[in-house]
Protein chains: 2
Amino acid sequence: MSQIRKPPTMADIARVTGVSPMTVSRAFKTDSLISAETRQAILQAAEDLGYVFDSTASNLRSQRSDFVAVTIPSINNANFADTVGGLSDALAARNMQILLGYTNYDMQEEERLIEQLLRRKPEAIVVTGGKHTPRGRKLLENARIPVIETWDKPASPIGHYVGFSNADAVRGMVDHFVRVGYRRIAFIGGDAGRDTRGSDRRMGFLGAMKAHGLETDRLIAAGPPPISMREGANAMARLLTEFPDTEAVICVSDLSAFGALTECQRRGVAVPHDIALAGFGDYEIGGICVPTLTTIDAKAREIGRRTGQLILELLEGVSDAGHVTIQPELMVRESTR
Amino acid sequence: MSQIRKPPTMADIARVTGVSPMTVSRAFKTDSLISAETRQAILQAAEDLGYVFDSTASNLRSQRSDFVAVTIPSINNANFADTVGGLSDALAARNMQILLGYTNYDMQEEERLIEQLLRRKPEAIVVTGGKHTPRGRKLLENARIPVIETWDKPASPIGHYVGFSNADAVRGMVDHFVRVGYRRIAFIGGDAGRDTRGSDRRMGFLGAMKAHGLETDRLIAAGPPPISMREGANAMARLLTEFPDTEAVICVSDLSAFGALTECQRRGVAVPHDIALAGFGDYEIGGICVPTLTTIDAKAREIGRRTGQLILELLEGVSDAGHVTIQPELMVRESTR
DNA sequence: TTGAAAGCGCTAACAC
DNA sequence: GTGTTAGCGCTTTCAA
């Protein structure tokens, strides 16, 4: 009886409905010219047969995939999740789907991922950061689709970008710290060289400190990214041991800053009275923990939204070059003077 | 000069290399019979021409997509991110790619998403939770591919599942609370009916309280999901006003529990001395905040890993039914007696 | 180890 | 508003 039958195709619907396959195809496109009754009959027949539209075939024939490929360092990070959310919302208007991959903060893995994603023939590709392996960069350059680098302001962009200078953002925070009177300032971040955004922030810290004529030896390397709460706590423990007279600490993200805060709480070190603390990224936790954390809002969601807008414009030929600079915002809260 | 040229295909490589397209195709498959020199020459030519393999065409012809479709409520949630991470790792062995969509805790949106994902012809589909719209359920039943429900133990599974009873898990926590002496216990969760896992946890709370002959009126509905830190804090404020003599609070997740904790800190209410606090999900924050949070580890990553294993077994025909029950683990920490 | 023929399911392009 | 033809780029199948 109930044999394994092949799934129905448009041809099957055409046979049942007494129209040509082409008409069935038209019935599934919202904008196409087709009489209301015909469409209705076709959609009904499709429902009855349990038909499922085959995007693969459609994509091959029309040479459009409705995919936008996206690489992020980690799926488990609220900043990148927000960016993907904003992007997704912006693309929903055109019914485009995101093909997401994560690199685990590894440029080799990014290269592998880019290659794999490009095989799916996306209409655009969005990458996080402006640094890539030579081959990864070449793959992007040759991709014949819009390439958008995000969360960075690349020295030499491959195509387009939507981002900001991580170094400049931290520089601004150091300037603020100095303005309100802090001098012995430390930086907690990942080991140099892997998380490029983290490294850029560290560079910004170093540059600004030097510009102010301040010491730059209070650097705690908390290991390979992702630098999260635990690493922040451990780094703070080292900092309090090695440089007990530190007045203020800038952490590579709110997550590590919160970890650092908990270490202070366990030791009875008062924030900001004994030591000031700041993060980066305006994560939810920074706005709610006690004390709330001074941070930099990098506008994660806006980065995604603007990226999505840009992609739609590029695909429609409305625009042809997008260098969108996002303005991060310093948010002074309870954890600093 | 440099005209817009069509991207090279296997036929182009075949022409350049002097072999048939079929041989080129073989060169890209690791297991196929082909001489080492021929393959070498072909891969070299491909590199020179900037060839990119076309998965779309491959998928159509071979009727295999190497996609696994996944729906999660929110991309910005560490528990689901961990599950996707575990799944992704398990599938990496077979080079399968995850096609991810998020439902925003909305079953209507889930239905829309399922339909869209199925059009891409995934080899399996993983959904979060065991409750769906009637049409969503029907789509899954007719999908002719393995369907795996996760993060739940469905009353009537569509196909397979990897999960646990959210109600039972919370029941166990209530039992523990009663055992150590708490009686006036409250529950902070989302509005009933939207986040099904949250509702199940609430049901578990109510059932266990009744079983112990305790009052069940200390229920704070914190709004529609996602219930995060801010909602937890607001709910705690209401709870402390409406039921100031509450001895212990169970929150629908660690995030809301942490929010609740901050509200206590701002009011000078000592945890666990004045009130005990527990969460759900073993998020990173619960293990590091002060005090650390009693919680239930739902083994998010293991859910993903086991799901991935199951999918591979099902696709290889090794297994034909998977009802995998995950055992959540109560973790008693500083926030409770 | 390699090649030839056919076709996966859909839609572009054109005709009526 | 609908139909016909051809073919997107690859791989299955069979043959050599």
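In what follows, every heavy atom counts, from backbone to side chain, and hydrogens, waters and symmetry copies are set aside. Every chain is numbered from 1 and lettered A, B, ... according to where its sequence line falls, protein lines coming before strand lines.
Between A:Lys6 and C:dG9, a side-chain N or O to OP1/OP2 separation shorter than 4.0 Å is present. OP1 or OP2 of C:dT2 lies within a sub-4.0 Å distance of a side-chain N or O belonging to B:Thr38. Taking 4.0 angstrom as the limit, B:Gln63 places none of its side-chain polar atoms (N or O) nearer than this to OP1 or OP2 of D:dT11. For C:dC10, one of the phosphate oxygens OP1 or OP2 lies less than 4.0 angstrom from a side-chain nitrogen or oxygen of A:Tyr51. For B:Thr23, no side-chain nitrogen or oxygen approaches OP1 or OP2 of C:dT2 to under 4.0 Å. Distances shorter than 4.0 Å separate some side-chain N or O of B:Ser20 from OP1 or OP2 on C:dG3. One finds a side-chain N or O of A:Ser35 lying less than 4.0 angstrom from the OP1 or OP2 phosphate oxygen of D:dT2.
Ionic pairing of B:Lys131 and B:Glu110 is not present here: no N-O contact between side-chain nitrogen and carboxylate oxygen is shorter than 4.0 angstrom. Using a cutoff of 4.0 Å between basic side-chain nitrogens and carboxylate oxygens, A:Glu141 and A:Lys138 are not scored as salt-bridged. At a threshold of 4.0 Å, the pair B:Glu123-B:Arg94 does not count as salt-bridged, since none of the basic side-chain nitrogens sits closer than that to a carboxylate oxygen.
For the residue pair A:Ser20/A:Thr23, the side-chain donor-acceptor check at 3.5 Å is satisfied.
The side chain of A:Thr9 sits closest to C:dC10 out of C:dA4, C:dC10, D:dG9. Of the candidate nucleotides D:dT2, D:dG9, C:dT1, C:dT1 has the atom nearest to the side chain of B:Leu33. Of the candidates C:dC10, C:dA12, D:dT11, C:dA12 carries the atom nearest the A:Met22 side chain, counting heavy atoms from C-beta on. Out of D:dC10, D:dT11, C:dG9, the shortest distance to the side chain of B:Ser62 is found at D:dT11. Across C:dG3, C:dC10, D:dG9, the shortest atom-to-atom separation from the side chain of B:Leu60 is found for D:dG9.
In this entry the distance linking CG of B:Asn59 with P of C:dC10 reads 15 Å, nearest Å. In this structure, CZ of A:Arg61 is placed 12 Å from P of D:dA6, rounded to the nearest angstrom. Regarding A:Arg15, its CZ atom lies at a distance of 13 Å from the C1' atom of C:dG9, rounded to whole Å. Between A:Lys121 atom NZ and C:dC10 atom P the separation is 21 Å, expressed in whole Å. In this structure, the CE atom of B:Met10 is 14 Å from the C1' atom of D:dT12, given to the nearest Å. Atom-to-atom, NZ of A:Lys29 to C1' of D:dT2 comes out at 16 Å; the value is rounded to the nearest Å. Taking atom CG of A:Asp54 as the reference point, atom P of C:dG7 lies 18 Å away to the nearest angstrom. Nucleotide D:dT11 holds its C1' atom 14 Å from the CG atom of B:Asp66, rounded to whole Å.
Nearest-nucleotide positions on DNA chain C place B:Val24 closer to the 5' end than the other of B:Ala57 and B:Val24.
Side-chain atoms of B:Arg26 come within donor-acceptor range of the base of C:dG3, with a qualifying N/O pair under 3.5 Å.
Aromatic ring pairs are classed by plane angle as parallel below 30°, tilted from 30° to 60° and perpendicular above 60°; the pair A:Phe80 and A:Trp151 is perpendicular.
A:Thr83 places a side-chain N or O within donor-acceptor distance of the main-chain N or O of A:Ala300, the cut-off being under 3.5 Å.
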